[in-house]
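First the structure, in the form of structure tokens, and then the observations on it.
Labels below follow one simple rule: chain letters A, B, ... track the order of the sequence lines, proteins then strands, and each chain is numbered from 1.
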Amino acid sequence: MAETRELMLARIREAIAVQHGPELPLPRDYERQGSLSAEARVETLLDRLREYDAQIYEASSENVATTVTNLCRQRQVKSLVVPEGFPAEWLPAFGGMIPEGELDRKPLSEIEAVLTTCTVAIAHTGSLVLRHGPGEGTRRLTLLPDLHICIVREEQVVETVPEAFDALREYVTAPITFISGPSATADIEMTRIRGVHGPRYLDVVLVRG
Amino acid sequence: MSIRVGESASAPSFQQAALALLDDTQLRRNVRHATDVITRKRGLVVGEQADWQALRDAGSAIKRHTLRHLDEYLLQFEQAFTAAGGHVHWATDADEANRIIVGLVKQHGGKEVIKIKTMTSDEIGLNPALEAAGIHPHETDLADMIVQLGADKPSHIVVPALHKNRQQVREIFARAMNLPDLGDRPEDLTAAARRYLREKFLKVKIGVSGANFLIAETGGVCIVESEGNGRMCLTLPEVLVAVAGIEKVIPRFADLEVMLQLLPRSATGERMNPYNSIWTGVHEGDGPREFHLVLLDNGRTKVLANPEARETLHCIRCGACLNTCPVYRQTGGHAYGSIYAGPIGAILTPQLHGMQHSQSLPYASSLCGACYEVCPVKINIPEVLVHLRGKIVEEQSANVESVAMKAMAMVFRSPRRFEAAQRLGRIGQWPFISGGWIRNLPGMLGNWTAVRDLKPMPQQSFREWWKQREKSNG
Ligand code: SF4
């Protein structure tokens, strides 16, 4: 095995020794910083999420808990898992809530919904980025339940993809998931169908102020 | 060492295969519909991205730079990946990679594995190797499932079952899943796939994947997908084995800010695909406890050694060149006799094979330049094609010592000379025309006319027309 490694490296070195042009600086003339106002940034995010078929709710920081309670009632959710580190003041008044730490009570695959925060949201592409830190849960937590409710604070919204990568700079080795709408496929006649294996429903609660 | 690219070594020539497929009108209709839809969507989301050309320049430069320092970046990746708890394996060819993967699955007592869509595993023929060892691979990407359950072959690098319509998919699923009453709405079909695979996701202990990007700086791996089957395979099994070509490495985590803008817009015409997973090694309490990565050569170092064609390795497998190619749109993917179809397949397959096989593939193009125009990492496919044609003719002329062949090699080696020859051809072709069709051409083109009557060269070649169209579009 060590031999194979040496052989491959030798072949690579031999191959790249063959004639190259001069090494040019890497051009990075693409847009780094967005130019939208804070308001337009948030609106763009919400529009694009809606295009992906996500449901949008808006709340002030005082009524996040009520908003989540109402939407769970509306959707007739009976079980909701909440990860470690989720802000206590945002917890809904809801009987079917299961803390992540008590998952042995009920297998995750039988739980209907999951409630998380995120690290950053990208307006330009309509993406929520989770690094699976406190309040965001492990990766499987936001995968098996059929409904993912994600809380996004207004100030977490950036405009461009490079701005999101700046925000992730401290977490480069964390498990990171970009979520852009509910799970979907276009494999059959290129028609986008919501919900194959991941959550079929994505609800986003935008917290203003 | 034996380089294999799927079963392409034993495939018939492109021209023979294409001839048979051109008669399948259902297939052509399906391919045309699917490629029309993606092309239109791509046009919209690329059109709205004001800095698209700057992103392409950056993407191309990142790839060029990485290849130039490939040994250093692979070593950096290996070190970081290992430090994060992963195990790196090196494989010079398909058989070696298969041996490593089968060995790992056996070592963990696996009788079945769940798989995420990976072209590389099709390239090395992993499924037959697993099956030969008594291990059942479950494809979990919807299109791959359609192909696997229908005992079919992939025809597109992003949407492998694009040649099947909903009724055909319904038939395959109804039979394989024993669901005689299954409907044929795409919703019915995806729901059936969800039910069918859920239990497998929860039960099977070993996952097999490819990788879209390997990050040298962090030892991270990035996988781009839509359905969530990828996330299932990456997070639920206890052991994960990934296989990736050596060209998949990028230097820095932040380089993804370029790649993750180029890939989804080019591949599926979306601003972003539903899920991107980026992670490094093994994470306590989250995901597999063991993570193996097989780095594959399988002919790539040969491509790398050719300065005139090494840009082939920039490819991020977005499929845009297939969707836009007038030849692919007519024939579909199967005619290419390789899992890599379309313009990228026409240059990649023969190079991986070392040019002994697949010699007809570089001719499967009208050199119109549409592929280059859409390629997010700016691979000049027409130029590479012309270069490869030159090499083929050179090899053949070494055998037959023919002056005409050498002249053709010269012509094919330069796009400008090729165009001049095409113009000359229009004047020179009249002796061979009968009733508006070219029946017999002398020399090597005879192979082509033997299986298919050619329309005489139009007064304006596709390439000329394309150039003019570009000019008039400003
Ligand atoms: S060659 Fe370019 S356009 Fe074709 S699949 Fe590769 S990256 Fe995409």
Side-chain angles (χ1 to χ4, degrees), chain A residues 1 4-5 7-9 11-16 18-20 23-24 26-31 48 52 109 122 124-127 132 138-140 143 160-162 164-166 168-169 172-191 193 195-199, chain B residues 33-34 37-38 51 54-55 57-58 61-62 65 68 70-71 84 90 92 96 142-143 159 161 165-166 169 186-187 189-190 193-194 197 202 218 220 226-229 231-232 235-236 253-254 256-257 260-261 268 271-280 283 285-287 297 301 304-305 307:
Chain A
M1 243 200 51
T4 310
R5 179 176 178 274
L7 177 69
M8 274 171 69
L9 284 167
R11 281 194 188 139
I12 292 167
R13 288 182 184 128
E14 203 178 307
I16 58 183
V18 183
Q19 173 195 333
H20 279 280
E23 181 135 50
L24 305 167
L26 291 187
R28 291 192 187 272
D29 302 328
Y30 51 87
E31 225 169 273
R48 305 222 152 149
Y52 294 139
S109 57
I122 312 168
H124 189 63
T125 57
S127 309
H132 305 285
T138 55
R139 287 177 289 173
R140 66 175 67 187
L143 180 61
T160 68
V161 174
F165 274 85
D166 289 343
L168 290 170
R169 211 175 278 158
V172 292
T173 58
I176 292 168
T177 311
F178 282 54
I179 297 175
S180 308
S183 132
T185 183
D187 278 351
I188 300 167
E189 297 182 14
M190 301 315 292
T191 315
I193 304 297
V196 192
H197 301 296
Chain B
H33 169 77
V37 175
I38 322 183
D51 57 351
L55 283 168
D57 286 334
I62 290 168
H65 167 84
R68 190 178 185 133
L70 190 58
D71 56 334
W90 300 69
T92 53
E96 206 165 344
L142 190 62
V159 199
N165 67 17
R166 62 184 75 186
V169 175
E187 291 83 346
L189 302 170
T190 50
R194 182 182 171 96
L197 282 181
L202 294 171
T218 59
S226 298
E227 297 168 15
N229 64 308
R231 293 180 64 199
M232 295 277 180
T235 57
L236 298 181
F253 178 77
L256 286 175
E257 73 192 18
L260 291 183
Q261 295 203 73
T268 48
R271 295 191 178 106
M272 195 64 91
N273 47 287
Y275 300 127
N276 299 322
S277 297
I278 311 164
W279 79 106
T280 302
H283 295 272
D286 187 350
D297 182 342
T301 45
L304 186 63

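- In this structure, B:W279 and B:D286 have side chains that are not in contact, with every pair of non-hydrogen atoms separated by 4.5 Å or more.
- Chain A forms more heavy-atom pairs under 4.5 Å with one residue of B:E227, B:R166, B:M272 than with any other, namely B:E227.
- Your options are B:H65, B:E96, B:H283, B:R68, and the one with the most heavy-atom pairs under 4.5 Å with chain A is B:R68.
- One finds the CZ atom of A:F178 at 7.5 Å from the OG1 atom of A:T125 (value rounded to the nearest 0.5 Å).
- The contact between A:A174 and chain B is made entirely by backbone atoms, counting heavy-atom distances below 4.5 Å.
- In this structure, the separation between OH on B:Y275 and CZ on A:R139 is 14.0 Å, given to the nearest 0.5 Å.
- In this structure, A:I16 CD1 and B:T301 OG1 are separated by 11.0 Å, a value rounded to the nearest 0.5 Å.
- Put simply, of B:I38, B:D51, B:N276, B:T280, the one with the most heavy-atom pairs under 4.5 Å next to chain A is B:N276.
- In this view, B:R271 and A:E51, B:E48 satisfy the side chain to side chain donor-acceptor pair (under 3.5 Å) rule, not counting sequence neighbours.
- With a 4.5 angstrom heavy-atom cutoff, A:S127 touches chain B only via side-chain atoms.
- Under the rule for a side chain to side chain donor-acceptor pair (under 3.5 Å), B:S277 has no partner lying at least two apart in sequence or in another chain.
- Proximity to chain A (any heavy atom under 4.5 Å) is restricted, for B:L202, to the side chain, taken from C-beta onward.
- Within the 4.5 angstrom heavy-atom criterion, only side-chain atoms of A:H132, from C-beta onward, approach chain B.
- Using a 4.5 Å cut-off between heavy atoms, B:L197 touches chain A through its side chain atoms alone.
- Chosen from A:L143, A:L168, A:T185, the residue pairing most often with chain B at heavy-atom distances under 4.5 Å is A:L143.
- When heavy atoms are compared at a cutoff of 4.5 Å, A:P199 approaches chain B by way of both its backbone and its side chain.
- Ranked by heavy-atom pairs under 4.5 Å with chain B, the first of A:E23, A:R13, A:R140 is A:E23.
- Here the OG atom belonging to B:S226 is positioned 10.5 Å from the CG atom belonging to B:L142, to the nearest 0.5 angstrom.
- Ranking A:D29, A:T173, A:L26, A:I122 against chain B, the residue ahead of the rest is A:T173, based on heavy-atom pairs under 4.5 Å.
- Side-chain contact between A:R28 and B:I62: present, with at least one pair of heavy atoms (C-beta onward) separated by less than 4.5 Å.
- A:I193 touches chain B through its side chain: at least one heavy atom from C-beta onward sits under 4.5 Å away, while N, CA, C and O do not.
- Heavy atoms closer than 4.5 Å to chain A are found in both the backbone and the side chain of B:A143.
- No side-chain donor-acceptor contact under 3.5 Å links A:Y30 and B:Q261.
- Looking at A:V196 and B:N229, their side chains never come closer than 4.5 Å, going by heavy atoms from C-beta outward.
- For a residue to count as touching a neighbouring chain, one of its non-hydrogen atoms must lie under 4.5 Å from one of that chain's; by this rule B:L260 touches chain A with the side chain only.
- Proximity to chain B is limited to the side chain of A:L7, based on heavy atoms less than 4.5 angstrom apart.
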